[in-house]
*Asks:* 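Got a structure for you, written out below as structure tokens; questions coming shortly.
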Amino acid sequence: MSSRVPSLRIRSLSSAAPSGDGDFVLYWMIGQRRLRWNFALDRAVEWARELDRPLVILEALRIDYPWAAPRHHRFVLDGMGEHREELRDGRVRYLAYVEPEVGAGRGLLHALAARAAVVVTDDMPHFFYPAMLDAASRQVPVRFEAVDSHGLLPIREPERDFTVAHSFRRYLHKRLPDHLGTAPDPAPFHGNPLPDAASVRLTDLLERWPMAPDSWLEHGASLDDLPLEGSVEPVPFDGGRKAGLDRMQRFLDDRLPRYVEDRNQPDREAASRLSPYLHWGHVSAHELFHALVEREEWTPARLAPEPTGKREGWWGMSEPAEAFLDELVTWRELGWVAWARGGPELETLKVLPDWARETLAEHADDPREHRYDLDTFDAADTHDALWNAAQRELVREGTIHNYLRMLWGKKILEWTGSPQEALDVMFELNNRYAVDGRDPNSTSGIMWVLGRYDRAWTERPVFGKVRYMTSESTRRKVALDDYLRRHAE
């Protein structure tokens, strides 16, 4: 079958052929939770048209994923509610399954796959997803494909690791032009109509696994009926595509023009704050790139003729646009590419460069002026008012301002008994509270605190040659009065 989805983005999870007896094509939506700008959905639509079968979308949410809490559940359910509303016309059969208790969803995928001609899902190389996909591949008796729709560069194209951003940026400058002309479909259901989904009969299956009630999928609705063990409350903003697109537009209109000057200024917010929507797949990196390209009236003809590896000048866009693209493309995709190759080891000290491991080991027994345990960090009860404010922002709002996130991590390294303890504390707090946590970019940022993707600096106690940051120097560099007031006790 010819496909508009690049072959580099399609990974076969089984050697089985499409089933001629299958009643429908199944798209199991697990990571790229959107109905537009999504290569996995495009692939499922192609199979439905090729095989003349209706399309069924299963978007499921288990109850016991690591760090499960109302915060993460509510954000996902906001998007699921939008999907159910958009697909009420029946052109596609949409199944919103929210596990009501641990283990209740067991067997659902197998039951659907047994009736399917082909199963397509999202290629997710991080968190618990690889193990879940491996287990699923043994349950799906038909052709089963995982499709990458993470960023502009296919995550499995690079055949080597990158130890610094410059080398990855130079690789992007060489390879990215080949991929800029291919993007997911912004309107995948338009064109040739799909076979009528009304013919799909799932009565017995839906009796065994009832779909989520509308009341759970309403924005801001209570989740008290669900046995979520985590006590972390939802963030004070909506999840879902509508909220993500609104935030994207406000960023492009109001913040991008001052991105270079103000992105590190907490009192003059200019960061995009789009990472939660990118993390949960509600907004596509391709879509964001396309919106920026239109705003810049840009074409690939403006690319520099040779790869430079530099942060500025290669794209041929405005200075704010190029600065933002370095975050959206270079740093974000570096994390995804690393996970596609490295897996869970990326969250261990083993992946630090030799100089960082050596210097941290040499200074592991250095005296610490302050030492705190996890509970003290969690409660934002340190001696440092700025660090406490950053932790309160994380707990209350599910994010930390990008510049202060670096300071937050550096101080944890300084105030714990060892690099391993610091690593454990950072991952626990980030994964528990950050609505954009449990993500390759979280991993990159936390490991950067310990020296990954960085260089050696002046040697100091505790840090060794790892980059050092202080609250005092941060206060001198950035405006913080409003920030400290907002996040005071």
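Along the sequence shown, residues carry numbers from 1.
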*Asks:* Counting N and O atoms only, with roles assigned by atom type, does the side chain of Glu327 sit under 3.5 Å from a partner on the main chain of Arg332, one being a donor and the other an acceptor?
*Replies:*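 Side chain of Glu327 to backbone of Arg332: no pair is present.
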
*Asks:* Is there a side-chain contact between Met80 and Leu77 in this structure, where contact means two heavy atoms from C-beta onward sitting under 4.5 Å apart?
*Replies:*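 Yes, side chains in contact.
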
*Asks:* Tell me whether Arg84 is salt-bridged to Asp214, with the criterion being a basic N under 4.0 Å from an acidic carboxylate O.
*Replies:*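 Asp214 and Arg84: salt-bridged.
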
*Asks:* Among residues at least two apart in sequence or on other chains, which ones pass ring pair (Phe, Tyr, Trp, His ring centres under 6.0 Å) with His179?
*Replies:*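 Per chain and number, His179 pairs via ring pair (Phe, Tyr, Trp, His ring centres under 6.0 Å) with no residue.
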
*Asks:* Would you say Tyr372 and His383 are linked by a side-chain donor-acceptor pair, where the criterion is simply a distance under 3.5 Å?
*Replies:*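 There is such a pair (donor and acceptor under 3.5 Å, judged by atom type) between the side chains of His383 and Tyr372.
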
*Asks:* If you measure only the distance, is there a donor-acceptor pair under 3.5 Å linking the side chains of Glu82 and His282?
*Replies:*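 Distance-only check fails for Glu82 and His282.
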
*Asks:* Between Asn38 and Arg34, is there a donor-acceptor pair closer than 3.5 Å when you use the side chain of the first and the backbone of the second?
*Replies:*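 Yes: the side chain of Asn38 pairs with the backbone of Arg34.
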
*Asks:* Quick one: does Val435's side chain get under 4.5 Å of Trp280's, heavy atoms only?
*Replies:*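 The answer is yes; the side chains approach within 4.5 Å.
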
*Asks:* Is it true that Ser471 and Thr474 share a donor-acceptor pair across their side chains at a distance under 3.5 Å?
*Replies:*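 No donor-acceptor contact under 3.5 Å links the two side chains.
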
*Asks:* For residues Val92 and Leu194, determine if any side-chain heavy atom of one lies less than 4.5 Å from a side-chain heavy atom of the other.
*Replies:*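 In contact.
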
*Asks:* Within a reach of under 6.0 Å around CZ of Arg311, are more than 12 heavy atoms found that belong to other residues, nucleotides or ligands?
*Replies:*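 At most 12 heavy atoms, drawn from other residues, nucleotides or ligands, come within 6.0 Å of this atom.
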
*Asks:* Kindly list each side-chain donor-acceptor pair under 3.5 angstrom involving residues 400-408, sequence neighbours excluded, with atom names and distances?
*Replies:*
from, atom 1, to, atom 2, distance (Å)
His401, ND1, Tyr403, N, 3.2
His401, NE2, Arg263, O, 3.2
Trp408, NE1, Gln391, OE1, 3.0

*Asks:* So do Thr330 and Leu172 actually touch side chain to side chain, heavy atoms under 4.5 Å?
*Replies:*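 Side-chain contact under 4.5 Å: yes.
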
*Asks:* Could you walk me through whether Tyr65 and His73 satisfy the side chain to side chain donor-acceptor pair (under 3.5 Å) test, starting with their C-alpha distance in whole Å, then the side-chain angles of each, then the deciding distance to 0.1 Å, before giving a yes or no?
*Replies:* CA-CA 10 Å; Tyr65 55 90; His73 247 60; 3.0 Å; yes

*Asks:* Salt bridge or not for Lys310 and Asp326, using N-O below 4.0 Å?
*Replies:*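 Not counted as a salt bridge, because no side-chain N and carboxylate O are separated by less than 4.0 Å.
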
*Asks:* Give the ring-plane orientation class for Trp67 versus Phe127, where under 30° counts as parallel, over 60° as perpendicular and anything between as tilted.
*Replies:*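 Rings of Trp67 and Phe127: parallel, under 30°.
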
*Asks:* Measuring centre to centre across the rings, with the benzene-like ring taken for any Trp, is Phe377 within less than 6.0 Å of Trp387?
*Replies:*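 Between Trp387 and Phe377, which both carry aromatic rings, the centre distance is below 6.0 Å.
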
*Asks:* Any sub-3.5 Å donor-acceptor pair from Glu333's side-chain atoms to Leu152's backbone N or O?
*Replies:*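 Indeed, once roles are kept as given, a pair shorter than 3.5 Å links the two residues.
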
*Asks:* Checking Phe463 now: which residues fulfil ring pair (Phe, Tyr, Trp, His ring centres under 6.0 Å) with it, not counting sequence neighbours?
*Replies:*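 So Phe463 forms a ring pair (Phe, Tyr, Trp, His ring centres under 6.0 Å) with Tyr468.
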
*Asks:* Do side-chain atoms of Arg302 reach the backbone of Gly316 as a donor and acceptor pair under 3.5 angstrom?
*Replies:*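 Side chain of Arg302 to backbone of Gly316: a pair is present.
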
*Asks:* With a 4.5 Å limit on heavy-atom distance, are the side chains of Phe39 and Pro6 in contact?
*Replies:*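 Touching, per the 4.5 Å side-chain cut-off.
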
*Asks:* Quick one: ring pair (Phe, Tyr, Trp, His ring centres under 6.0 Å) partners of Trp314, sequence neighbours excluded?
*Replies:*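 Partners of Trp314 under the ring pair (Phe, Tyr, Trp, His ring centres under 6.0 Å) test: His173.
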
*Asks:* Only pairs at least two apart or in different chains count here, so list each salt bridge (Lys or Arg N to Asp or Glu O under 4.0 Å) that has a residue in residues 57-74.
*Replies:*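 Those involving residues 57-74 are Arg33-Glu59, Arg62-Asp64, Arg74-Asp78.
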
*Asks:* Charged N to carboxylate O below 4.0 Å: is that the case for Arg9 and Glu145?
*Replies:*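 Judged by the 4.0 Å cut-off on N to carboxylate O distance, Arg9 and Glu145 do not form a salt bridge.
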
*Asks:* If we count only N and O atoms by modelled type, under 3.5 Å, do the side chains of Arg273 and Thr399 hold a donor and an acceptor together?
*Replies:*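 A donor-acceptor contact under 3.5 Å links the two side chains.
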
*Asks:* Less than 4.0 Å between a side-chain N and a carboxylate O, is that true for Glu393 and Arg396?
*Replies:*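 No.
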
*Asks:* I'd like to know whether CD of Glu319 has more than 12 heavy-atom contacts from other residues, nucleotides or ligands below 6.0 angstrom.
*Replies:*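 Check fails, neighbour count at 12 or below.
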
*Asks:* Locate the shortest heavy-atom distance separating Pro186 from Arg36; write the atom from each residue and the value.
*Replies:*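 In terms of heavy atoms, the two residues are closest at O-CG, 3.2 Å.
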
*Asks:* Is the shortest heavy-atom distance from the side chain of Tyr453 to the side chain of Leu334 under 4.5 Å?
*Replies:*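 Yes; the side chains approach each other to less than 4.5 Å.
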
*Asks:* Are more than 12 heavy atoms from other residues, nucleotides or ligands located less than 6.0 Å from atom CZ of Arg295?
*Replies:*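 More than 12 within 6.0 Å, yes.
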
*Asks:* Using the salt bridge (Lys or Arg N to Asp or Glu O under 4.0 Å) criterion, which residues pair with Arg485? Sequence neighbours excluded.
*Replies:*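 Residues passing salt bridge (Lys or Arg N to Asp or Glu O under 4.0 Å) with Arg485: Asp482.
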
*Asks:* Can you confirm if the NZ or CZ of Arg169 lies within 45° of the ring axis of Phe162 and under 6.0 Å from the centre of its six-membered ring?
*Replies:*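 Because its charged atom misses either the 6.0 Å distance or the 45° angle limit, Arg169 does not stack over Phe162.
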
*Asks:* Can Lys410 be said to sit on top of Trp448's aromatic six-ring, NZ or CZ under 6.0 Å from centre and within 45° of the ring axis?
*Replies:*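 The answer is yes, since Lys410 meets both limits relative to Trp448.
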
*Asks:* Determine yes or no for a side-chain-to-main-chain donor-acceptor pair under 3.5 angstrom, with Thr121 supplying the side chain and Trp28 the backbone.
*Replies:*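 Checking the backbone N and O of Trp28 against the side chain of Thr121, a donor-acceptor pair under 3.5 Å is found.
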
*Asks:* Of all residues at least two apart in sequence or in a different chain, which pass the salt bridge (Lys or Arg N to Asp or Glu O under 4.0 Å) check with Asp224?
*Replies:*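 For Asp224, no residue satisfies salt bridge (Lys or Arg N to Asp or Glu O under 4.0 Å) once neighbours in sequence are set aside.
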
*Asks:* What residues form a ring pair (Phe, Tyr, Trp, His ring centres under 6.0 Å) with Tyr277, not counting sequence neighbours?
*Replies:*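 Phe75.
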
*Asks:* Less than 4.0 angstrom from a charged side-chain N to a carboxylate O is my criterion; do Asp148 and Arg156 meet it?
*Replies:*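 Result for this pair is no, no salt bridge flagged.
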
*Asks:* Could you tell me whether the side chains of Glu157 and Tyr171 share a donor-acceptor contact shorter than 3.5 Å?
*Replies:*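 Yes, a side-chain donor-acceptor pair sits under 3.5 Å.
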
*Asks:* List for me each residue that meets side-chain hydrogen bond (donor to acceptor under 3.5 Å, both in side chains) alongside Thr376, sequence neighbours excluded, and say none if there are none.
*Replies:*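 Thr376 satisfies side-chain hydrogen bond (donor to acceptor under 3.5 Å, both in side chains) with Asp373 only.
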
*Asks:* Judged by modelled atom types alone, do Tyr27 and Asp42 share a side-chain donor-acceptor pair under 3.5 Å?
*Replies:*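 Judged by distance alone, the side chains do not pair up.
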
*Asks:* Going by salt bridge (Lys or Arg N to Asp or Glu O under 4.0 Å), name the residues that satisfy it together with Arg452, two or more places apart in sequence or in a different chain.
*Replies:*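 Arg452 satisfies salt bridge (Lys or Arg N to Asp or Glu O under 4.0 Å) with no residue once adjacent residues are dropped.
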
*Asks:* Under the side chain to side chain contact (heavy atoms under 4.5 Å, CB included) rule, collect the residues that match up with Met124, sequence neighbours excluded.
*Replies:*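 Scan of Met124 (side chain to side chain contact (heavy atoms under 4.5 Å, CB included), adjacent residues dropped) gives Ile30, Gln32, Asp122, His126, Tyr129, His150, Trp336.
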
*Asks:* Go through the structure and list residues passing salt bridge (Lys or Arg N to Asp or Glu O under 4.0 Å) with Glu46, not counting sequence neighbours.
*Replies:*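 Per chain and number, Glu46 pairs via salt bridge (Lys or Arg N to Asp or Glu O under 4.0 Å) with Arg43.
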
*Asks:* List the atom of Ala385, the atom of Leu484, and the distance in Å for their closest heavy-atom pair.
*Replies:*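 In this case the closest contact between Ala385 and Leu484 is O-CD2, 4.1 Å.
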
